[in-house]
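Taking it in order: structure first as structure tokens, then the write-up.
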Amino acid sequence: MGFRCVHCGFEVRALFIQYSPGNIRLTKCGRCGAVADEYVECEYMILLIDLILHKAKAYRHLLYNFPNRNVVNLEGIGCKQNSRRFGIVGKFLSITLYLWKGALLLGTKILQKSSSEILRFKEVLLAIIVSSYFKIFLITMMIWEFPLSVLFIIDLFVLSSNAVALKVLTNATTNGCIGVCLTAHAAKYFVSHMKVVLGLGFLRCLGLISC
């Protein structure tokens, strides 16, 4: 994927022209005539605010134009190597992730039938992971106590953020992107729930916990 105009998604050669250190001119889009990416000169806080507001141009900057976006390593997501170490827990984790990735892959292929651009699955997976940035707030739950409703709100926000990122990549309908993300999340939560149920059953069989 090359650089894109954050307003219309048209591909551009460069985001800016540098005449001297500290002296740059932002490139204009050849299609819409607007500045291709004004976030180049913005503070990260402005980008974060626009991401929270679900602005499509902020997601285009993050997914297409953000520096060093290709350095993220996705090879370990499947947890193939770690599943042996963690035994049954590791196997269920692998199943959960594979099911989640499979649902995303299938849904994305369906969405791309109406799109002229063919995306690699790694690009889609990277977009979903990056757009799940709001999960970082779960760390605060280790320090302060919050009601379960907060966790539910965070999950909803992540789901809507994933849908916006998928829409930016595929140019598909909003309802279609929400449906794909919702299906993938539902599949992941179903397997996670089954993991807990089977895990408790296994502990009961060993006599470690009582009914």
Side-chain angles (χ1 to χ4, degrees), residues 1-18 22-74 104 108 111 117 119 122-182 184-185 188:
M1 294 187 294
F3 296 120
R4 299 293 181 93
C5 170
V6 297
H7 300 281
C8 67
F10 188 70
E11 189 167 351
V12 295
R13 286 188 175 182
L15 302 177
F16 61 88
I17 300 174
Q18 183 171 5
N23 181 19
I24 65 173
R25 187 185 70 182
L26 298 182
T27 304
K28 289 189 176 181
C29 174
R31 176 192 287 173
C32 66
V35 172
D37 191 348
E38 62 268 25
Y39 290 107
V40 172
E41 293 185 328
C42 291
E43 298 289 339
Y44 287 137
M45 184 57 65
I46 296 177
L47 174 63
L48 178 60
I49 292 174
D50 283 354
L51 287 171
I52 293 175
L53 293 176
H54 284 17
K55 291 187 177 181
K57 64 178 184 178
Y59 280 88
R60 286 194 182 98
H61 169 80
L62 187 66
L63 299 178
Y64 291 107
N65 303 338
F66 194 74
N68 301 322
R69 60 180 172 81
N70 291 325
V71 301
V72 178
N73 183 8
L74 302 175
L104 275 178
T108 303
L111 289 178
E117 183 176 3
L119 299 171
K122 275 191 175 183
E123 296 172 354
V124 177
L125 190 58
L126 176 59
I128 295 297
I129 292 174
V130 170
S131 62
S132 299
Y133 62 90
F134 210 73
K135 280 186 176 290
I136 194 172
F137 289 100
L138 293 176
I139 298 177
T140 60
M141 299 186 71
M142 301 175 62
I143 304 174
W144 298 289
E145 292 186 3
F146 293 101
L148 292 178
S149 58
V150 174
L151 183 61
F152 179 71
I153 293 173
I154 291 177
D155 285 339
L156 284 181
F157 192 94
V158 171
L159 175 63
S160 62
S161 181
N162 291 162
V164 174
L166 195 59
K167 179 177 174 62
V168 167
L169 280 181
T170 62
N171 292 318
T173 63
T174 301
N175 290 338
C177 294
I178 292 177
V180 169
C181 294
L182 186 60
H185 280 261
K188 182 177 67 174

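This structure is a prediction, so every number in the text was calculated from the model and none was measured.
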_Could you measure the distance from the CG atom of Leu156 to the CG atom of Leu151? Nearest 0.5 Å is fine._
10.0 Å
*CD1 of Ile52 to CZ of Phe157: how many Å apart, nearest 0.5 Å?*
5.5 Å
*Please work out which of the three classes, parallel, tilted or perpendicular, describes the rings of Phe66 and Tyr44, given edges at 30° and 60°.*
tilted
_When you measure from the side chain of Lys28 to the backbone of Ala34, do you find a donor-acceptor pair of N or O atoms at a distance under 3.5 Å?_
no
*CD (Glu43) with more than 12 external heavy atoms under 6.0 Å*: no
*Counting only heavy atoms not in Ile136, do more than 12 sit closer than 6.0 Å to its CD1 atom?*
no
*Can you tell me if Asp37 uses its side chain to pair, donor with acceptor, with the backbone of Val6 under 3.5 Å?*
no
*Could you go step by step and tell me if His7 and Cys29 meet the side-chain contact (heavy atoms from CB on, under 4.5 Å) rule?*
CA-CA 9 Å; His7 300 281; Cys29 174; over 6 Å; no
*Give a yes or no on whether the backbone of Val158 and the side-chain of Ser132 come within a donor-acceptor separation of less than 3.5 Å.*
no
*Roughly how far apart are Leu166 CG and Leu63 CG, rounded to 0.5 Å?*
10.0 Å
*Quick one: closest heavy-atom pair of Glu38 and Lys57, and the distance?*
OE2-NZ, 3.1 Å
*What pair of heavy atoms forms the shortest contact from Cys177 to Thr170, and how long is it?*
SG-OG1, 4.0 Å
*Sort and list the pairs that fulfil salt bridge (charged side-chain N to carboxylate O under 4.0 Å, His left out) and have at least one residue in residues 147-156, not counting sequence neighbours.*
Lys135-Asp155
*Is there any ring-ring contact (aromatic ring centres under 6.0 Å, His included) pair reaching into residues 23-42, and which pairs are they, with sequence neighbours excluded?*
Tyr39-His61
_Distance check, rounded to the nearest 0.5 Å: Glu11 atom CD versus Arg31 atom CZ?_
10.5 Å
*Of all heavy-atom pairs between Leu169 and Tyr64, which one has the smallest distance, and what is that distance?*
CD2-OH, 3.4 Å
*Indicate yes or no for a side-chain donor-acceptor contact from Thr27 to the backbone of Ala14 under 3.5 Å, with no hydrogens or angles considered.*
yes
*Output the distance between atom CG (Asn175) and atom CG (Leu182), rounded to the nearest 0.5 Å.*
11.5 Å
*Locate the shortest heavy-atom distance separating Ser161 from Ser131; write the atom from each residue and the value.*
OG-O, 2.7 Å
*Minimum heavy-atom separation for Phe3 to Asn65, with atom names?*
CA-OD1, 3.3 Å
*Measure the SG-CG distance between Cys5 and Leu15 for me, rounded to the nearest 0.5 Å.*
10.0 Å
_I need the minimum non-hydrogen distance between Lys167 and Ala172, along with the two atoms involved._
NZ-O, 3.1 Å
